[in-house]
Amino acid sequence: MPSPEPLQEIASLREQLEAWNHQYYVLDAPTVPDAEYDRCMQRLLQLEQQYPQAWRADSPSQRVGGQPLQQFGQVTHEMPMLSLENAFSAEDMQHFNRRLLDRLGEDAGPLEFACEPKLDGIAVSLLYRNGELERGATRGDGTTGEDITHNVRTIRSIPLRLRGEHFPAVLEVRGEIYMPKAGFEQLNNRARERGEKTFVNPRNAAAGSLRQLDARITAERPLQMCCYGVGLVEGGQLPGRHAEVLARLHDLGFRINPESAVVQGVEACDAYFDALAVRRNSLPYDIDGVVFKVNDLALQQRLGFVSRAPRWAIARKFPAQEEMTRLLDVEFQVGRTGAITPVARLEPVFVGGVTVSNATLHNSDEIVRLGVQIGDTVIVRRAGDVIPQIVSVVLDRRPSDALPIEFPDKCPVCRSAVEREPGEAVWRCMGGLVCAAQQKAAIKHFASRRAMDVDGLGDKLVEQLVDAGLVENVAGLYALSKEQLLALERMGEKSADNLLAALQHSKATTLPRFIFALGIREVGEATALNLARHFGNWPALAAASEAQLLQVTDVGPVVADHLRQFFDSEASMRVVQSLQDAGVHWPDIERLPQQELPLVDQVWVVTGKLDALSRDEAKAHLQALGAKVAGSVSANTTCLVAGPGAGSKLSKATELGIEVIDEQALLQLLATHGINP
Ligand code: 9MJ
């Protein structure tokens, strides 16, 4: 028999590790560094190996997954797991409310509702007996599901033992297992790096991860569970309102959705729905609607069920973000830098709140990865303002006359050769400024608001000018005459005058705008600003060696190379000279060598949703002050800017004791350095 000390140590390590798990995965408030957690876990594993008689299924060491199963067992739910009726409009919600009041009597109104984001994951049931997790099961058909106990044990936000002492002897907790968006992206990035198959969306990734016979695989997947109700309850009492039950579940160690709210009356449900719809895409997980539940459990009992759904709940759905449609054709667009992008022409389909008839296919690798052909039925996704994407092909709907997509071996616009640099996914037209597509794109960029800001020079007009042979490059704009303009279709006297005035006006610019307007590859607004501040004037920049360019914040070997190529190109320099000859001018600016920038040597991270700035803008401003902006939080991070919806980066920063500021504080900091976005 082992002496009591190691057994005591095992018990206290288990308790400590579970407490940390709970803080980290349920409360989002880690208290110890990862290294300390890892040391304790190693110690526990070592002791458990030494004293196998101390083995327990609910030890935190078991969360890594045990021996693979041969197959899943079946579970018959003690109480059926119901589905939800759907609503698609405020009108449907009114009908729902009407039905409730018809059953309960007018004086029951206005009813109190619990509102919860409807997570798009896998519904599961967890059965706890005497506080211990005994069984986890999928919803399946509502009556029978699959036994996934071995997999749910690996999910850190699921307690293996209930917390506290007061809980029903038998408690079935229900909720949704899902994969947060960030974890999904990371998982797919890793799969892509290894040349493995990627998951279509977070829901499929969650389902695939749960359906593993080998729980060691599940253990490595970033799964979460959020609870939204109970099933079987025996030998104990729970509170009388749904929201109170959820609060109780939280006390017992479960994660519940922090967005949940209680409101009075159906109009307040609509307001909750509208507010969440706005924030939908900035939440760290996918939701497909809002679930509204009559909060009073006694009223729920009176309302009962219809067929397979409760009368007391409804799921109001957001417009779908994925729809099926047909791929009619693929066109190849040539961008400013010659990059050739395949664009899918689709049978118009209503998705994500708008009618979509184009989607990007990114590059030739993406076409291969999707295995898509012209004529295929495809699934199109449009989430928020992101450009629509094709996520997958419905292969069993492929028509017999489907055509493989052939990537062009010549530029579709100027017939120049196309090339792809080793390691790059993009093919480029080598025609440079000979290519009308590149000419047009370069001029559109030059004239755009954040570059030279030529008012009234829209995309259509640029196309007309290039097609009419009036302008070949940006310098040509300043040589345009009123007569030439008047000869264009739909160009009146007044518009011609306005355009000439706008061109004249644009000549007085700033050095950062001018650098940005040139459209040098990989030189965005932030880099242009850094270059301007570093060199102070154009001749110094144009003469800078690669080594000098590398001194500039945000400039790495690739950008330095693009810059040198631009300055070494006679054609490019001729254009710059003609612009200056035409009167384009800017004041030199005060040189701010890198060493003197206020945030030099600092590493910043930006996460969550910002209001006044986009994350990219915040990043650009920080870089302009000399900071490096990183994608993840580490011990080197100086400060984290966290907006609402910040997730794991915020936890990590808190854990590491790194300074965290909100957007307001960032704006103040920028203002003190003269940046007022
Ligand atoms: C989801 N999917 O988030 C329910 N759900 O309640 C929430 N699903 C549900 N509640 C009863 N928040 C049946 C399903």
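Both ligands and their constituent atoms are indexed starting at 1 by order of listing.
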- prompt: Should the pair F254 and Y128 be assigned to parallel (<30°), tilted (30 to 60°) or perpendicular (>60°) ring geometry?
  reply: perpendicular

Salt-bridge criterion met for D270 and R316 (N-O under 4.0 Å): yes

Pair S157, Q224: side-chain N/O donor-acceptor within cut-off below 3.5 Å: yes

task: Can you tell me which residue pairs pass the ring pair (Phe, Tyr, Trp, His ring centres under 6.0 Å) test with a partner in residues 156-181, sequence neighbours excluded?
output: Y178-Y285

message: So if I only count non-hydrogen atoms and take anything under 4.0 Å from ligand 1, which residues does that give, chain by chain?
response: L82, L84, E116, P117, K118, L119, E176, Y228, V291, K293

query: Are E18 and R63 within salt-bridge range, i.e. N to O under 4.0 Å?
result: yes

query: Would a 4.5 Å heavy-atom cut-off, applied to side chains only, mark L346 and V380 as touching?
result: yes

